[in-house]
Amino acid sequence: MAPPAPPPSRVFAELDLAPSPAPEGCVEPAALPGREVHVSGSAELSARPDRARVSLRLGSRKEAAVAARSSVSRRLQYIAHTARLHGIPEENMTVTEDFSRVENTYQMEAEVCIIFSDFGKMQNVCNLLIEKLGTSVTINPPHFYHTPEAIDTLRRQVCVAAVGNTRRKAQEVCQLFGQALGKPLLIKEEETKEWGGHIDSHLSLSADSQTLQERIQNATAYASCRVFAVFEIKGKENRRSKLP
């Protein structure tokens with residue numbers, strides 16, 4: 001049986017060095033037609049979430065409507081005061097209230113949503129509220145996510161990184177043949193991919209049992225980019241022409 005055919009090789013760079021070198025003592029032109037290097041390059045980057053949304057729930061049931069409202073109102077004021085002390089803008093905090101009659105009592109419920117850009121500050125606020133309000137407030141686990149601006153930044157960065165890797169590859173190829181890399185003639189973005197993060201664990205973790213770092217890892221965004229580029233190959237100056 002004939003041996004299997006070898007797998008096709010992938011061309012990472014294409015050099016056209018057809019023009020003959022300049023005569024001794026002469027300086028080659030900066031670039032000659034047809035002297036090009038064709039290369040492809042890629043990059044992969046990740047970005048942690050830049051926002052976290054925390055939801056707090058609190059309520060009160062009293063025989064008197066005023067008492068139910070007052071109980072919740074005092075806690076809402078303390079939550080707002082704590083957020084302001086930690087530099088949370090008012091527009092990053094949303095309060096929703098619901099007042100109802102349950103049998104012979106009045107029930108007041110409220111939900112507070114706070115958006116954080118500083119995760120250390122988020123932990124400090126949550127810990128303080130738990131310490132001061134105890135079981136009278138329920139703090140749900142934070143939801144981490146990216147703003148559109150953060151995703152746009154990741155896309156630009158991974159493209160720029162891929163172009164940089166491509167240029168370095170072209171430069172190394174030229175140096176291998178004793179040539180100098182010239183200006184780019186073509187840069188083409190061939191493929192981009194984006195996907196979400198994951199936990200490097202085989203355990204099945206529910207949302208409530210995940211640690212803070214696991215939640216951040218789950219919300220981490222990834223992006224990859226592959227580009228194709230064509231660069232000029234510049235002729236190097238003959239060193240003998242510099243001699244007196």
- prompt: Within the distance-only criterion (no hydrogens, no angle test), does the side chain of Asn140 pair as donor or acceptor with the backbone N or O of Leu56 below 3.5 angstrom?
  reply: no

field: Ile139-Leu76 co-clustered via ILVMFWY side chain contacts under 4.5 Å
entry: yes

field: hydrophobic_cluster_shared for Val37 and Leu185, side chain cutoff 4.5 Å
entry: no

Straight-line distance of Phe99 CZ to Glu97 CD, nearest 0.5 Å: 10.5 Å

query: Is there side-chain contact between Glu191 and Cys225, with heavy atoms separated by less than 4.5 Å?
result: no

- prompt: What about Val137 and Phe116, same hydrophobic cluster or not, with Ile/Leu/Val/Met/Phe/Trp/Tyr joined at side-chain heavy-atom distances under 4.5 Å?
  reply: yes

- prompt: Is there a donor-acceptor pair closer than 3.5 Å between any side-chain N or O of Thr220 and the backbone N or O of Ile216?
  reply: yes

Reference residue Ile79; test side-chain contact (heavy atoms from CB on, under 4.5 Å); the match among Leu129, Leu128, Val95: Leu129

task: Would you check if the side chain of His146 reaches a backbone N or O of Ala47 as a donor-acceptor pair within less than 3.5 Å?
output: yes

query: When hydrophobic residues are tied together by side-chain contacts of less than 4.5 Å, even through go-betweens, does Val102 share a cluster with Met108?
result: no

Minimum heavy-atom distance Val158-Ala223, with the two atoms named: CG2-O, 3.4 Å

- prompt: CD1 of Ile130 to OG1 of Thr135: how many Å apart, nearest 0.5 Å?
  reply: 11.0 Å

query: Which heavy-atom pair separates Ala170 from Phe231 by the least distance, and what is that distance?
result: CB-CD1, 3.7 Å

- prompt: At what distance, to the nearest 0.5 angstrom, does CG of Leu58 lie from CG of Leu133?
  reply: 8.0 Å

message: Please check: side-chain N/O of Thr166 versus main-chain N/O of Gly41, any donor-acceptor pairing under 3.5 Å?
response: yes

- prompt: For the residue pair Ala219 and Pro49, what are the closest heavy atoms and their distance?
  reply: CB-CG, 3.9 Å

message: Is any side-chain heavy atom of Gln123 closer than 4.5 Å to one of Lys121?
response: no

message: Between Gln107 and Ser60, is there a side-chain donor-acceptor contact under 3.5 Å, judged purely by atom types and distance?
response: no

field: Flag side-chain contact, heavy atom, 4.5 Å: Pro141 against Gln210
entry: no

- prompt: Does any N or O in the side chain of Thr153 come within less than 3.5 Å of the main-chain N or O of Glu149, such that one atom is a donor and the other an acceptor?
  reply: yes

query: Could you give the distance from OG (Ser46) to CG (Leu154), rounded to the nearest 0.5 Å?
result: 7.5 Å

field: Donor on one side chain, acceptor on other, Ser71 and Arg75, under 3.5 Å
entry: yes

query: Is there a donor-acceptor contact under 3.5 Å from the side chain of Asn165 to the main chain of Ser42?
result: yes

- request: Drop me the distance from Glu109's CD to Ser100's OG, to the nearest 0.5 angstrom.
  value: 6.0 Å

field: Flag if over 12 foreign heavy atoms under 6.0 Å of CD, Glu90
entry: no

Min side-chain heavy-atom separation Arg51-Arg53 under 4.5 Å: no

Charged tip of Arg61 within 45° of Tyr106 ring normal and under 6.0 Å: no

message: Can you confirm whether Met122 sits close enough to Phe144 that some side-chain heavy atom of one is under 4.5 Å from a side-chain heavy atom of the other?
response: yes

task: Spell out, as yes or no, whether a donor-acceptor pair under 3.5 Å connects the side chain of Lys234 to the backbone of Gln179.
output: no

message: As a quick check of understanding, evaluate salt bridge (charged side-chain N to carboxylate O under 4.0 Å, His left out) for Arg155 and Glu194, giving each step before the final call.
response: CA-CA 9 Å; Arg155 291 169 180 163; Glu194 298 176 15; 2.5 Å; yes

Verdict with supporting geometry, Arg215 and Thr211, side chain to side chain donor-acceptor pair (under 3.5 Å): CA-CA 6 Å; Arg215 291 178 184 278; Thr211 65; over 6 Å; no

task: Would you check if the side chain of Gln175 reaches a backbone N or O of Glu172 as a donor-acceptor pair within less than 3.5 Å?
output: no

- line: What one should report as the nearest heavy-atom pair of Val54 and Cys126 is CG1-SG, 4.0 Å

- request: Measure the shortest side-chain to side-chain distance between Cys113 and Met93 over non-hydrogen atoms and say whether it is less than 4.5 angstrom.
  value: no

query: His143 vs Tyr145 aromatic rings, parallel, tilted or perpendicular, using cut-offs 30° and 60°?
result: parallel

Under 3.5 Å: donor-acceptor pair, side chain of Thr82, backbone of Tyr78: yes

- prompt: So, do Phe228 and Val39 sit near enough that their side-chain heavy atoms are less than 4.5 Å apart?
  reply: no

message: Can you classify the ring geometry of Trp195 versus Tyr222 as parallel (below 30°), tilted (30 to 60°) or perpendicular (above 60°)?
response: parallel

Arg167 and Leu181, any side-chain heavy atoms less than 4.5 Å apart: yes

- prompt: Could you give the distance from CD1 (Ile88) to CZ (Arg84), rounded to the nearest 0.5 Å?
  reply: 12.0 Å

